[in-house]
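Have a look at the structure below before the remarks.
Letters go in sequence order (proteins before strands), and every chain restarts at 1. Side chains are part of it too, since the values below use all heavy atoms of this structure and drop only hydrogens, waters and symmetry mates.
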Protein chains: 2
Amino acid sequence: MAVDTVTMDQIVSLSRRRGFVFPSSEIYGGMGSTYDYGHYGVLLKNNIRQRWFEAMVLERDDIVALDSAVILHPRVWEASGHVEGFTDPLVDCRTCKLRFRADKLEDSQCGRKPSKHPGEFSECDLTEPRQFNLMFQTTVGPVEDSGSRAFLRPETAQGIFINFKNVLQLARRRPPFGIAQIGRSFRNEITPGNFLFRVREFEQMEMEFFVPPADSEGWYHYWIDERLGWYLRYGLRRSRLRVREHGPEERSHYSQGTSDIEYEYPIGWSELEGVANRGDFDLMRHTEFSTTKLEYVGPDGDRYVPHVIEPAVSLERIIVAMLVDAYDEEVVGERERTVLRLHPEIAPVTAAILPLIAKGEGMVAKARTLYEELRKRHSVEYDDNGAIGRRYRRQDEIGTPWAFTIDDQTLSDDTVTVRDRDSLAQERLPIGGVRAWLDDALERDWQTPKGA
Amino acid sequence: MAVDTVTMDQIVSLSRRRGFVFPSSEIYGGMGSTYDYGHYGVLLKNNIRQRWFEAMVLERDDIVALDSAVILHPRVWEASGHVEGFTDPLVDCRTCKLRFRADKLEDSQCGRKPSKHPGEFSECDLTEPRQFNLMFQTTVGPVEDSGSRAFLRPETAQGIFINFKNVLQLARRRPPFGIAQIGRSFRNEITPGNFLFRVREFEQMEMEFFVPPADSEGWYHYWIDERLGWYLRYGLRRSRLRVREHGPEERSHYSQGTSDIEYEYPIGWSELEGVANRGDFDLMRHTEFSTTKLEYVGPDGDRYVPHVIEPAVSLERIIVAMLVDAYDEEVVGERERTVLRLHPEIAPVTAAILPLIAKGEGMVAKARTLYEELRKRHSVEYDDNGAIGRRYRRQDEIGTPWAFTIDDQTLSDDTVTVRDRDSLAQERLPIGGVRAWLDDALERDWQTPKGA
């Protein structure tokens, strides 16, 4: 291991250089804190999304999937408390006319007469704080009156609560059971920043687990453990993960317990995923506002309002944590290399197929045949462009665990070289055995060569 | 085959009954033309999305993936022409204060004094038509002035054009090459309707293929054939598909040719997917508005603005076409059944595992073991709830191609019954051979038992 600490700049730079993530609308000067994903970014997102969906839905019998709309009925956000309470306090500066978060003034400066010390607004005249709602507003239908005002969802969870009754009836479930959703949410953040860490649109992965009230404490701890285990399973190092329970003053008034699974980002320990015991708050509120009873009625006529345990995370924060955790620089021989030590089931490309010489017709033909065979089941990439060392370094930077190289010897004995991204070990395999070798490699427990 | 025609009502009813699709925000009275997807709807969408992504990205060497933001820089929509031209003409009725599409008045009625003949507004006083923009507007940042006005994307294509230069550089591509994107788009439709056919938020799957100008005609026809072939590959019947070339009066002024792949929906022949030859319009407009040159520069210094061929479709229209095409009702013995004859790679569940008797401990144990083995690689469902005939009919309605039943004989000779959804044929297999049998079945060419 060559590096112990990684900076956000290194992650941003690699992401840009290798086409994982670009600032959005760049040719128009950018759109603050909004990003577009390039080819490897899309493959990475697809993998993370799929691993979450497997663990939360496909590998279980007690959770079903849902996909609700972004623009829900506006009453949903009154019932949830977002219209009233999903706000940040803002102050206006009378000198520069800019707005700042009243609770983050220490990072702010007047735009016209900045002080030497951020947070000092001595020459300005700040207004009293006002509450600013973080939901994006829009208008549905052709008439712009208050009746048609609507919001972009700031979270996917409410789409789950309002479908509780549908799922209960149609998916024939009884508590404990869960409903999982992946989808884009939108927040009009005033002070976004830190790359993907706080962005205006992001992809949430949320699961609401409905349980008998008496069992909620046990399930709350169960889900903290499960989700922590998921991060370890996909390679995040234990030393950079911790569980922090919110104090009573941090919690929402309805919460009966909230824990953050925190990761040690370059900006310090911060929330990766939250697990909350929401009690019966959500179902009770939607029952009140919709006058539809959201409760469980048992076969014997016993009825109750389930309590809800919610593990909620954004894909973007997982991406940052996984890139930070995987990032390494080391000197190999006389060369430096940057390598992403991503878990093989997370890496955008599982294996690269490289003919040693692009003009070697025999090599190219054998490499193409191998490539066509492997691509039916795996994410593989064929590359014959440039010197082999350069191609290896390119694959290292996008995190490809294995490279199969077709060389002169392949032409005589039908063996290929497999190069391991982490150990740099090379061994020879029969070309006909590559597919089985790769299947086996993916089944093996992946042992991280990362530092503590 | 029992039914030749399917009504939209039958599709809506089945979708609701089996938890594919619900009207959104139902407990609040609904949100016009917006839908939420239940468990099987999510699995169905995931399959369609994945088959498209395989065909358009993973199985090709000349197309890369992209995932851009929903809220792009507002100048993007000036350059694209959407701010000026993405409009419908609307008239106000002075009697009922409602608005109607001026070009669809024949379907409309005054809300206070409806005439017996829709489209007759004799007692009303309609205003002159005004242009109404179909983009949803919102405000980014804390100040509500025109500088922070932004739009929800009405299509994903523009997110591709503005990243053309990034991809050209980073993905090391030269024309012909394509950029593919899947993502939600939003249109403030005035007269939405017909179930998922016209909805306010929908998931687009678009690919922009950049080609040397001289080759654009050939690639245009290539992509019409490719996309038509994709629908046939996944089981839509040929007789309900046709290609219709737009007349010059239908085309956008910049289009050099547009064809719709149409499907014969219950509402008649209508667009399923569009394939357009957009010429150099988009890259030229973004070059003009951003002052960033969007062009290809070859290794010899030759330069040109590529032309663009665009196959574009929404997931929702594919869902409707696939459900309509697959829907069947027939009488088997003395019973009626409804069955979705979905392609095995599209069906939400590939196989059901059914112990004949839920209280038979031996059967349950063997069924669970088989289930645990199969679920590692396939979407399978375990069901021991109710009479076996009822369970079969349930699987028929969600389109599950195969059911494996564990019965008394299994306990003595370790064989199971496999039931074919379409032919209803049953055969016995060794339980240890089920996994290989299923793999083989999925590799076989799927021959539709549908009508012409």
Side-chain angles (χ1 to χ4, degrees), chain A residues 18-19 22 24-31 34-39 41-43 45 58-59 61 64-73 75-76 90 99 132 136-143 152 159 162-163 165-167 170-172 184 186 188 190 200-201 286 290 292 375 379 382 385, chain B residues 18-19 22 24-31 34-39 41-43 45 58-59 61 64-73 75-76 90 99 132 136-143 152 159 162-163 165-167 170-172 184 186 188 190 200-201 286 290 292 375 379 382 385:
Chain A
R18 289 305 176 189
F22 315 118
S24 183
S25 304
E26 223 175 356
I27 63 172
Y28 289 103
M31 184 77 186
T34 309
Y35 293 88
D36 296 342
Y37 293 81
H39 185 66
V42 173
L43 297 181
K45 279 172 84 168
L58 300 179
E59 293 174 1
D61 295 326
V64 296
L66 184 87
D67 181 12
S68 68
V70 168
I71 303 175
L72 299 171
H73 195 289
R75 289 274 284 170
V76 171
L90 292 191
R99 287 182 182 178
F132 172 77
F136 283 103
Q137 275 193 37
T138 191
T139 306
V140 174
V143 188
L152 308 194
I162 62 173
N163 278 293
K165 204 175 164 185
N166 281 333
V167 174
L170 295 172
R172 306 173 305 163
R184 211 170 281 206
F186 300 80
N188 197 358
I190 307 311
R200 291 208 170 97
E201 46 186 277
H286 285 296
S290 73
T292 299
R375 78 189 308 182
S379 171
Y382 174 88
N385 191 357
Chain B
R18 289 305 177 191
F22 315 118
S24 183
S25 302
E26 222 175 357
I27 64 172
Y28 289 102
M31 184 77 185
T34 309
Y35 293 89
D36 296 343
Y37 293 80
H39 186 65
V42 173
L43 297 181
K45 278 172 85 168
L58 300 180
E59 293 174 1
D61 294 328
V64 296
L66 184 87
D67 181 13
S68 68
V70 168
I71 303 176
L72 299 171
H73 196 288
R75 289 277 284 169
V76 171
L90 293 191
R99 286 184 182 176
F132 172 76
F136 282 102
Q137 275 192 39
T138 191
T139 306
V140 174
V143 187
L152 308 195
I162 62 174
N163 278 294
K165 205 175 163 185
N166 281 333
V167 174
L170 295 171
R172 306 174 305 164
R184 211 170 282 208
F186 300 80
N188 197 357
I190 306 312
R200 290 208 169 96
E201 46 185 278
H286 284 296
S290 73
T292 298
R375 78 189 307 182
S379 171
Y382 174 89
N385 191 356

Residue from B/Gly29, B/Ala65, B/Ser379 scoring the most non-hydrogen pairs under 4.5 Å with chain A is B/Ala65
Just wondering, do A/Phe22 and B/Leu170 contact through their side chains at under 4.5 Å, heavy atoms?
yes
Please check: side-chain N/O of B/Glu201 versus main-chain N/O of A/Ala69, any donor-acceptor pairing under 3.5 Å?
no
Counting heavy-atom pairs under 4.5 Å with chain A, which one of B/Val70, B/Val76, B/Asn385 comes out on top?
B/Val70
Whether A/Asn163 side chain and B/Gly38 backbone form a donor-acceptor pair below 3.5 Å:
no
For B/Lys165, side chain to side chain donor-acceptor pair (under 3.5 Å) partners two or more places apart:
none
Less than 4.5 Å to any heavy atom of chain B: does that hold for the side chain of A/Ser68, its backbone, both, or neither?
both
Under 4.5 Å between any side-chain heavy atoms of B/Val140 and A/Met31, yes or no?
yes
Say you draw a straight line from CZ of A/Arg375 to CG of B/Asp61; how long is it, rounded to the nearest 0.5 Å?
4.5 Å
Looking at A/Thr139, is its backbone amide N or carbonyl O close enough to the side chain of B/Asn188 to form a donor-acceptor pair, meaning the two atoms are under 3.5 Å apart?
yes
A/Phe136 versus B/Leu152: any side-chain heavy-atom pair under 4.5 Å?
no
For B/Ser25, is it the side chain, the backbone, both, or neither that has a heavy atom closer than 4.5 Å to a heavy atom of chain A?
both
Under 4.5 Å heavy-atom distance to chain B, tell me which part of A/Leu66 shows up: side chain, backbone, both or neither.
both
Between A/Arg75 and B/Tyr28, the two heavy atoms sitting closest are CB-CD2, 3.6 Å
Closest-packed option against chain B by number of heavy-atom pairs under 4.5 Å, given A/Ile162, A/Ile27, A/Val42:
A/Ile27
Honestly, the part of A/Tyr35 sitting under 4.5 Å from a heavy atom of chain B is backbone
Looking at B/Val64, B/Leu72, B/Asp67, which makes the most heavy-atom pairs under 4.5 Å with chain A?
B/Asp67
Only pairs of heavy atoms separated by less than 4.5 Å count here; which of A/Thr292, A/Thr138, A/Leu90 has the most with chain B?
A/Thr138
Does the side chain of B/Glu26 reach to within under 4.5 Å of the side chain of A/Asn166, using non-hydrogen atoms?
yes
A/Leu58 and B/Leu43, any side-chain heavy atoms less than 4.5 Å apart
yes
